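Worth knowing before you read on, the calculation uses all heavy atoms, side chains too, and leaves out hydrogens, waters and symmetry mates. Per chain, numbering begins at 1; letters A, B, ... match sequence-line order. All of these numbers come straight from a predicted model, not from anything done at the bench.
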2 protein chains.
Amino acid sequence: MASSGTESRRVTIHDVARSAGVSRQTVSRALNNKGEIHGSTKQRVLDAALALGYRPSRFARGLVRQDTISVGLVIPDLLNPFFTEVAAAALEAARAHGWHVLVYDTADSAEEERGTLQVIASQVDAVVGYFSRSEDEIEKLTRGLPVVLIDRERRSDRFSAIRIDGEAGVQAAITHLVEKGHRRIGMLDHAGRAEPSVRHAWFAAATAACGLDEGPVCRADQSVEGGESALETLLAEHPDVTAVFTFNDIIAIGALRAARRLGRSVPRDLAVIGFDGLRLGTLVEPPLSTVALDTRGLGALAVEQAARLLTGSGPLTPDELVVRAELRLRESG
Amino acid sequence: MASSGTESRRVTIHDVARSAGVSRQTVSRALNNKGEIHGSTKQRVLDAALALGYRPSRFARGLVRQDTISVGLVIPDLLNPFFTEVAAAALEAARAHGWHVLVYDTADSAEEERGTLQVIASQVDAVVGYFSRSEDEIEKLTRGLPVVLIDRERRSDRFSAIRIDGEAGVQAAITHLVEKGHRRIGMLDHAGRAEPSVRHAWFAAATAACGLDEGPVCRADQSVEGGESALETLLAEHPDVTAVFTFNDIIAIGALRAARRLGRSVPRDLAVIGFDGLRLGTLVEPPLSTVALDTRGLGALAVEQAARLLTGSGPLTPDELVVRAELRLRESG
DNA sequence: AACGTTCCCGTGAACGTTCACGAATTGCCG
DNA sequence: CGGCAATTCGTGAACGTTCACGGGAACGTT
């Protein structure tokens, strides 16, 4: 009835007004529950709107009352549980502000990331996310849009960045392993970027602080399979390794599986400690020890900073934009 | 420089025009890479825009060129891996169409769902999602907006609904268990709604078809913990049960953990078969047998139908809007 | 010199809604 | 009956952008 077969133009507030025999303003009053309208005419307008299938244009409405705020959330891979948790926290924080969240999954592709950023810039009021491109590029694509970077070392002061400080946590993890008698500790770093990760730097510093030689490192894709094959090659090249620290929990879980396949009992023959503190880690066997992050806090903090940037109310300072990690011992190491 | 301390009004295209000594239209040409503009003036305009921190209003732009489409994705809990997978698939499908996706997590709350629906109706061009409220209510809140329901029995023809057909898959699962010698098979249903789930109906039909007595059923919250405690009570009341089928994989994973704690070896002492086919199921010990769904297809199908509804190009018929489930045997049963 | 082209650029209109204001009607009281 | 307030409704303007059109300058052609 209301739907049209032909490619007709949009039903506007004018059409409703004409149909109900009133003016635009009266229609507006009826639909927005404003006062200054008679009960019967209000009902008549509502009926007309329903009959015509009228829905107000969000653009026209947004143009005049500047109240709806929407923020873009950009993540590399929603299926990666780490980002799922961050995203969930961000959604919750945004809801508390009454904001809308547009989510973009860049599929770990720098090219998609570029395209997304390009498109997003004209669709949202602020951007929160995890980016791999250079700050120059991001700057160029966002053009003064408030941007909050997640898990990024702060190189310039153009963007806010939520920093992850895992130094103490990693130190605690390595110390723990050493106390357990481990002397040869390897690491499964990520394979994403060319240079080693910051987490690797923490690892190196921690082993050095414990008076250990520099442990062997192997690069792993950010997936369970990546962790599996990485552990295999690490152990093949360095059979004397009795403990591994991994870039994140996903890789650690892969390491767990590979260890089982290789006949190495965890934690007896091989200790494994991950990074992130995913819930997922409690489900695997044995439960994964990890340097845990407050992922909820991460997402919430990012959105909070976006809010500050947007409202102009004093933004958080860099040293407030930090999420610290702490060792959470379960059974794998 | 560009940012203002005072609460000043928005920088518009007029301001840029004035600053560059040209007209609005010329500014528009420069920013949108249209032709009919001299190289030097274009540069001058771009500089002015940058200096003023100008960003075009998405509302004004959307009002005149009606090209940007955004769809709302409503899910009860993003942290539930099932919905994560559906959401990821939906995001990907939407990206293929060049659409924007606004994601809302209703936190399993009917009240939040209502509020979301209310707000969403004026912000998107179509809604895709998983709803618990009655169709009447949804109808009232969306007012003619294209809506695609996920995993919902089609009661009326007002909405499109993606139906999950697990009948054959569940039948295969039960048949498999019976062939393995199981005679007393229980089920862990969900605890969400008052009435038993459709999946329970499939289960009942399948056991009956195999000539078995009706198996005992226990309700479980949709969480690992829910699955754990549900299995415990089920086994306490019915110790003769040697196999369980669960509402979904999350609950099944809880059952796995409870079985371990109770000293029941899986699958020797207790067989467990879940429903959904989550990737997560491959990570637990033992790997979870399950009646697997094509979750990617689910999300993609929903978005595809939204696209058809939106463009008016013949929508998919109800019997095309079906995702079938098939038994995927791993090691737990 | 008159005329057609090409290249730039600007002006009115339109998109669909809400806001600010004014006008018409009704009711009430003196 | 006059006047004042309250109630109900309508009209111009504004939000910020793009589209359709038209105009002027520069250049070449006949």
In whole Å, what is the span from the CG atom of B:L63 to the P atom of D:dA14?
-> 17 Å
So, does B:N32 use its side chain to make a donor-acceptor pair with the main chain of B:K34 at under 3.5 Å?
-> no
Can a donor-acceptor pair under 3.5 Å be found between the side-chain atoms of A:R58 and the base atoms of C:dG16?
-> no
Could you walk me through whether B:D136 and B:R158 pass the salt bridge (charged side-chain N to carboxylate O under 4.0 Å, His left out) test, one step at a time?
-> CA-CA 9 Å; B:D136 283 337; B:R158 281 180 297 186; 3.0 Å; yes
Does one side chain, of A:S70 or B:R58, offer a donor that lies under 3.5 Å from an acceptor on the other?
-> yes
So does A:T26 get a side-chain nitrogen or oxygen closer than 4.0 Å to the phosphate oxygens (OP1/OP2) of D:dG10?
-> yes
Can you check the B:R61 CZ to C:dA14 C1' distance for me, whole Å?
-> 17 Å
Nearest-Å distance for atom pair CD1/P, residues B:I13 and C:dT11 = 14 Å
Measure the distance from CZ on A:R29 to C1' on D:dG10 and round it to the nearest whole Å.
-> 8 Å
Tell me which of B:V22 and A:R55 sits closer to the 5' end of DNA chain C, going by the nucleotide each one is nearest to.
-> B:V22
Does the B:T84 side chain pair with the main chain of B:L78, one donor and one acceptor, at a distance under 3.5 Å?
-> yes
Contact under 4.0 Å: B:S57 side-chain N or O vs D:dG16 OP1/OP2 = no
Below 3.5 Å, does any donor atom in the side chain of A:E36 face an acceptor in the base of D:dC9, or the other way round?
-> yes
Mind calculating the distance between CG (A:D67) and P (D:dC15) to the nearest angstrom?
-> 16 Å
Answer with yes or no whether A:R24 presents, from its side chain, a donor or acceptor under 3.5 Å of a partner atom in the base of D:dG12.
-> yes
Before accepting this row, confirm whether a basic side-chain N of the pair A:R9/A:D15 lies closer than 4.0 Å to the acidic partner's carboxylate O.
-> yes
Would you indicate, yes or no, if C:dT18 has its OP1 or OP2 atom less than 4.0 angstrom from a side-chain nitrogen or oxygen of A:S28?
-> yes
So, is A:K34 close to the C:dT18 phosphate, meaning a side-chain N or O under 4.0 Å from OP1 or OP2?
-> no
Taking a pair as Watson-Crick or G-U wobble with both distances under 3.5 Å, which nucleotide is matched to D:dT30?
-> C:dA1
Distance, rounded to the nearest Å, where B:R44 contributes CZ and C:dC8 contributes C1' | 12 Å
Protein-nucleotide distance (A:Q25, atom CD; D:dT11, atom P), rounded to Å | 11 Å
D:dC9 phosphate, OP1 or OP2: any side-chain N/O from A:T41 under 4.0 angstrom?
-> yes
Taking CD from B:Q66 and P from D:dC19, how many angstroms apart are they, rounded to a whole number?
-> 11 Å
